[in-house]
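Numbered from 1 within each chain, the chains take letters A, B, ... in sequence-line order.
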There are 2 protein chains.
Amino acid sequence: MSAYAELEAKAREITRLQEIQAITGWDEACMMPPGGGPSRSYALATLSGVIHERESDPEIGELLNKARSDGAPLDAWQSANLISIEKAFVEATAVPTDLVRAKRLATLQCEQAWRQARAENDWPGILPLLTEVVNLARQEADALADAMSLARYDALLETYEPDLRCADIEPIFEDLKSFLPELLDRVLAHQQAPLILEGPFPIESQRRLCEEMMRVLGFDFDRGRFDVSHHPFCGGVPDDTRITTRYVETSFLESLMAICHETGHALYQQGLPVDWREQPVGAALGAAIHESQSLLMELQVCRSREFIEFIARKIRAQFGHGEADAAWSSDNVYRHVTRVECGLIRVDADEVTYPLHVILRFEMERELLDGSLKVADLPQAWNTAMQSYLGLSTEGDDANGCMQDVHWYAGLFGYFPTYTLGALAAAQWSATAKKANPEIVPAISRGDLQPLLGWLRNHVHSQGRRINMQPLLEEVTGSQLDVNFFKRHLQARYLS
Amino acid sequence: MSAYAELEAKAREITRLQEIQAITGWDEACMMPPGGGPSRSYALATLSGVIHERESDPEIGELLNKARSDGAPLDAWQSANLISIEKAFVEATAVPTDLVRAKRLATLQCEQAWRQARAENDWPGILPLLTEVVNLARQEADALADAMSLARYDALLETYEPDLRCADIEPIFEDLKSFLPELLDRVLAHQQAPLILEGPFPIESQRRLCEEMMRVLGFDFDRGRFDVSHHPFCGGVPDDTRITTRYVETSFLESLMAICHETGHALYQQGLPVDWREQPVGAALGAAIHESQSLLMELQVCRSREFIEFIARKIRAQFGHGEADAAWSSDNVYRHVTRVECGLIRVDADEVTYPLHVILRFEMERELLDGSLKVADLPQAWNTAMQSYLGLSTEGDDANGCMQDVHWYAGLFGYFPTYTLGALAAAQWSATAKKANPEIVPAISRGDLQPLLGWLRNHVHSQGRRINMQPLLEEVTGSQLDVNFFKRHLQARYLS
C-alpha cells in the first residue's frame with residue numbers, strides 16, 4: 001500500500017467516527033430526555049478524545065512525509081485530499097493536549113454560566129469566566145499561529161474556512177461600513193410597513209408548510225430528516241442530513257425562513273461529492289461557503305419577490321386565507337420577509353443591518369485577542385459601537401449587548417466574519433447562476449428549483465474541498481469574493 | 001493510582017463508548033432514513049473496532065495481574081467489578097481477530113440473505129451461507145471454551161448470562177418436557193374462546209394507550225423515550241432508556257403487550273445501581289435476568305386477572321366502548337391475553353407452549369454445534385421435533401419452520417434458553433415478592449405498581465452484576481432457579 005493509500009485508510013476511519021459524533025450530537029439536541037444529559041456529556045467527550053487521538057496520530061505525520069517524497073503520482077482530487085489530511089493533522093497536533101483540556105473545561109463552565117448570567121443581565125458574574133476563556137483562546141490562537149506560520153487571528157480564520165485571511169476581509173468590511181449606513185437610511189425612508197398577519201398558526205400546519213418548503217427546495221428525504229429542536233440547525237452527514245426548526249403559535253414566518261436557511265445548508269451537504277464520501281476532500285469546504293449556501297436559499301431565493309409569489313399561495317392554503325385578504329397577499333408577505341429594522345439582536349437582523357452586527361464583533365474580537373480591548377471594558381465598547389453603527393444604546397442592557405451571542409463564551413473567536421462573507425458569496429453565486437441560465441428565475445417563480453439546484457450541484461456542492469473559497473469563486477464566477485454583487489442585490493431588492 | 005483504579009478508568013472509557021454505540025444503534029432502528037444505511041454500517045463497524053481494541057488492550061491484562069497480586073483491599077462491589085472487567089477482557093481476547101472479522105462478515109451476509117430466503121421459503125438458497133456461519137460459530141465457541149476452560153456450549157451460554165451452564169438448564173427442560181404437553185391438553189380443553197374485539201383501532205389511540213401503560217408501570221420519561229420501530233425493542237442506557245413498539249390498525253393487544261414487555265426491560269435498565277453507572281458491575285447481569293424482568297411485567301403483572309380488571313377500563317375509554325359490551329368486558333380481554341394455542345411461530349406463542357419452542361431450539365443448536373446434526377438435515381429434524389412437541393408439521397414450509405428466527409442466521413447460538421429461564425425466574429421473583437409484601441396484588445388491581453417496583457428495585461435492579469443469577473436467586477428467593485414456581489403459576493392461571 002502506498003503512503004497515500006495508508007493515509008486514506010486512516011482518514012476513512014476518522015470520518016466514520018465523526019459520523020457517529022454527528023449523529024449522537026444531533027440526538028442530544030433533538031431526542032435525548034433531560035436525564036440523559038450528564039452521561040451523554042461524558043460519552044461525547046470520550047468520543048472526541050478518541051477522534052483527536054486518531055487525528056493527531058504521529059504515524060499520520062510520517063505517512064505525510066512519505067507521501068510527499070515518494071513521488072507516487074496523485075490526481076487533482078487526491079492532491080487536494082492530501083492537503084486536507086495534512087491540514088487536519090497540523091491543527092490537531094498544534095495545540096498541546098493540556099491546553100485543549102483546559103480550554104474545553106473553561107468554555108463548558110463559561111457557556112453554562114452564560115445562560116444564567118444572560119437571563120439575569122449579570123455581566124459582573126460572567127466576567128471572570130469570560131476573561132479566562134479569552135486568555136485560553138489567545139494561547140490556542142498563538143499555538144495554531146505558530147504551527148501554521150500565520151498571524152494570530154488568521155490562524156483562527158483558517159480553522160473555519162481554509163486560506164481565509166484578514167486581508168480578504170478588511171477591505172470588504174471597510175467598503176460595507178461606508179456603504180450600508182447610507183443605504184439603510186434610504187431603505188428606512190422608502191419601505192412600507194406591512195399589514196399584520198393575524199394568528200394563531202397551529203403548529204401542525206406550520207410543520208406541514210415547512211415540509212412542503214423542503215420538498216420544493218429539493219431536500220432529499222430518503223437521505224435526511226426534519227425535526228424540532230431548541231435552535232434551528234443542520235446536522236448529520238451527507239447521506240443522512242438532518243435539519244430542525246422551532247415553532248411558536250403566534251407567528252410562522254420565523255420557523256419557515258429558518259427552514260429555508262437550514263435547507264440551504266442541507267442541500268450543500270447532500271450534494272457533496274459521492275466519490276469522496278469518506279475522505280476530508282469530500283467534506284464541506286468551510287463555514288463561509290456553507291453559509292453562502294444557506295443564505296443563497298434563504299435570502300436570494302426564498303425572500304425574493306418571484307418565490308414569494310409562488311409560496312404565498314401555499315401559505316394561504318395552509319392557514320385558510322383567501323387571496324382577496326390584503327394581509328395575505330403576496331405583496332404583503334413580501335413586505336414581511338424584506339422588512340428592515342435597526343435592532344439590538346444579531347439573529348433577528350435583516351440582511352441590510354446584519355453585516356453591521358458582524359463588523360462590530362469582528363473588530364471587537366480582534367481587539368480582545370490582541371489585548372487592546374480589556375474584557376472588563378467590553379460593555380462600554382459595545383455600547384459605543386452600537387451607537388455608532390446602528391444608533392442604538394445598550395447602556396445597562398448587556399443581556400442584549402455583549403452577552404447576546406454564545407460564541408465568545410463558548411470560545412469561538414474568528415467565526416463571526418463567515419456569516420457576512422457567506423451573504424456576499426450567496427449574492428455572487430446567485431447573480432452568476434442567473435446569468436448562466438436565464439431559465440432559473442422564471443422556474444423559481446413556478447416553485448421549480450431544479451435549474452438553480454442543478455447549477456449549484458455542479459459548481460459548488462460537488463466540489464467539496466477540491467479548491468479553496470477564493471479560487472473556487474474565481475473559477476466559477478470570474479472573480480474572487482466581490483462585495484459589489486451583494487451591494488447590487490441590496491439596492492435592487494430594497495430601493496426599487 | 002492503584003492497578004484497580006486504573007482498571008476502573010479504562011472500563012469507564014469503554015462504557016462511555018458503548019453508550020455512544022447504544023444510541024447510534026437505536027437511531028439506526030428508529031430514526032435513520034433508508035439512504036443513510038450504507039455509511040452508518042461502516043461507521044458502526046468502525047466504532048465496534050475501536051471498542052474491541054480497548055476491551056482487548058494488553059495493558060488491561062497486566063493491570064488485572066497487578067490488581068490480583070498487589071493486595072490492595074477491595075470491597076464486595078469492587079471485587080465483583082474486577083471479575084466483570086476480567087470476564088470482558090477474557091472474552092474480547094479469546095477469539096482471534098481474523099475469526100471475529102470472518103464471522104462478522106459471514107453473519108452479515110447470511111442475515112441479509114435470510115430475509116429474502118425466508119420470504120421466498122428458499123431453504124436451498126440459504127443453506128451454504130448458514131453452513132458457513134455454523135462452521136465459524138463452532139470455531140468461535142471452541143476459542144471461547146479454550147480461553148475459559150469450559151465446554152463448547154457452556155462457553156456460549158457464559159457470554160449471555162455469567163456462570164450459566166448446561167447443567168443448570170437440562171434438568172429444568174427435562175421437567176418441562178414431561179409437564180407441559182399434559183398441561184397443554186388440559187388447558188386447551190378447559191379454556192373458553194374469546195369474543196372478537198372489532199377494530200379498526202386508530203394508531204394515535206394505541207400510542208396514547210401504550211404511553212399510559214408505561215406511566216402506570218413506572219417508566220421514567222425524564223430518563224427515557226418511547227418510539228416506533230420495525231420490531232419492538234429496549235435500547236439506550238440507564239439514564240436514557242428507549243423502548244419501541246409497532247402498530248397495525250386491525251389489532252391493539254400485540255403492541256400493548258409488547259410495550260408491557262419492553263417496559264419490564266426498561267425498568268430494569270433504569271433501576272441499575274447509580275453508584276456504578278460507568279463500570280461493568282453496574283450493568284445488567286445477563287440475558288436471562290433481563291428477560292425475567294420483561295416477562296415479570298408482561299406475564300406476571302400485565303396479563304394477570306387483577307391488572308386486566310384495571311387496564312380494561314383504560315382500554316374501553318381509549319377506544320370508546322362501554323362496560324356493558326361483552327366483548328370489551330375485562331373477562332373477555334383477559335381471555336384474549338391468556339389464550340393458549342399451538343402454533344408454528346415462537347414469537348407468537350403463549351406462555352404455555354413457548355418453552356417447547358425454546359427446548360426444540362436448544363436441543364437442535366447443540367446438535368448443530370457438535371456436528372451430530374448436519375445443517376442440511378435441519379428442515380427434516382425441525383419437522384420431526386415440531387410434530388413431537390406441538391403436533392404440527394413444517395413439511396415444505398421451512399419459512400415457518402427452521403427459517404423463522406434470525407438468531408442462527410445472525411450467528412447467535414446459546415441465546416434461546418435464556419427466554420425460558422427468564423420466564424421461570426419471573427415466576428420465582430413474582431411469587432417471592434407477593435409473599436414478602438401482601439400489598440403488592442391489591443395495589444396492582446388498582447393500577448399501583450409501586451409496591452412491586454420497590455421490591456424489584458431493591459432486590460434485583462439495584463444489584464447490577466454484584467453476584468450471578470443463581471446466587472442472586474438463592475439470596476432473594478431462598479432457592480436457585482426452580483421450575484416449580486413457573487409450573488404453579490401456569491396451573492393457577494390456566495386451570496383454575
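Contact annotation for B:Arg54: only side-chain heavy atoms (C-beta onward) come within less than 4.5 Å of a heavy atom of chain A. The part of B:Glu53 that comes within reach of chain A is its side chain, from C-beta onward, which places non-hydrogen atoms under 4.5 angstrom from that chain. For A:Gln21, no part lies under 4.5 angstrom from a heavy atom of chain B.
With sequence neighbours excluded, the residues forming a ring pair (Phe, Tyr, Trp, His ring centres under 6.0 Å) with B:His290 are B:His265, B:Tyr268, listed by chain and number.
A salt bridge between A:Arg242 and B:Asp27 is present, with a side-chain N of the basic residue lying under 4.0 Å from a carboxylate O of the acidic one.
Residues of residues 9-18 of chain B lying within less than 4.5 angstrom of chain A, judged on heavy atoms, are B:Glu13, B:Arg16, B:Leu17 in numerical order. Identified by a heavy-atom distance below 4.5 Å to chain A, contributing residues of residues 201-212 of chain B are lacking entirely. Taking non-hydrogen atoms and a 4.5 Å limit, the residue list of residues 216-223 of chain A in contact with chain B, ordered by number, reads A:Phe221, A:Asp222, A:Arg223.
When each of B:Val50, B:Asp227, B:Thr46, B:Thr241 is scored by its heavy-atom pairs under 4.5 Å with chain A, the top score falls to B:Thr46.
Side-chain contact between B:Glu19 and A:Tyr42 is absent, with no heavy-atom pair separated by less than 4.5 Å. Residues B:Arg40 and A:Ile23 form a side-chain contact, since some pair of their non-hydrogen atoms from C-beta on lies under 4.5 Å apart.
Within the 3.5 Å criterion, the main-chain N or O of B:Pro33 finds no donor-acceptor partner in the side chain of A:Arg225.
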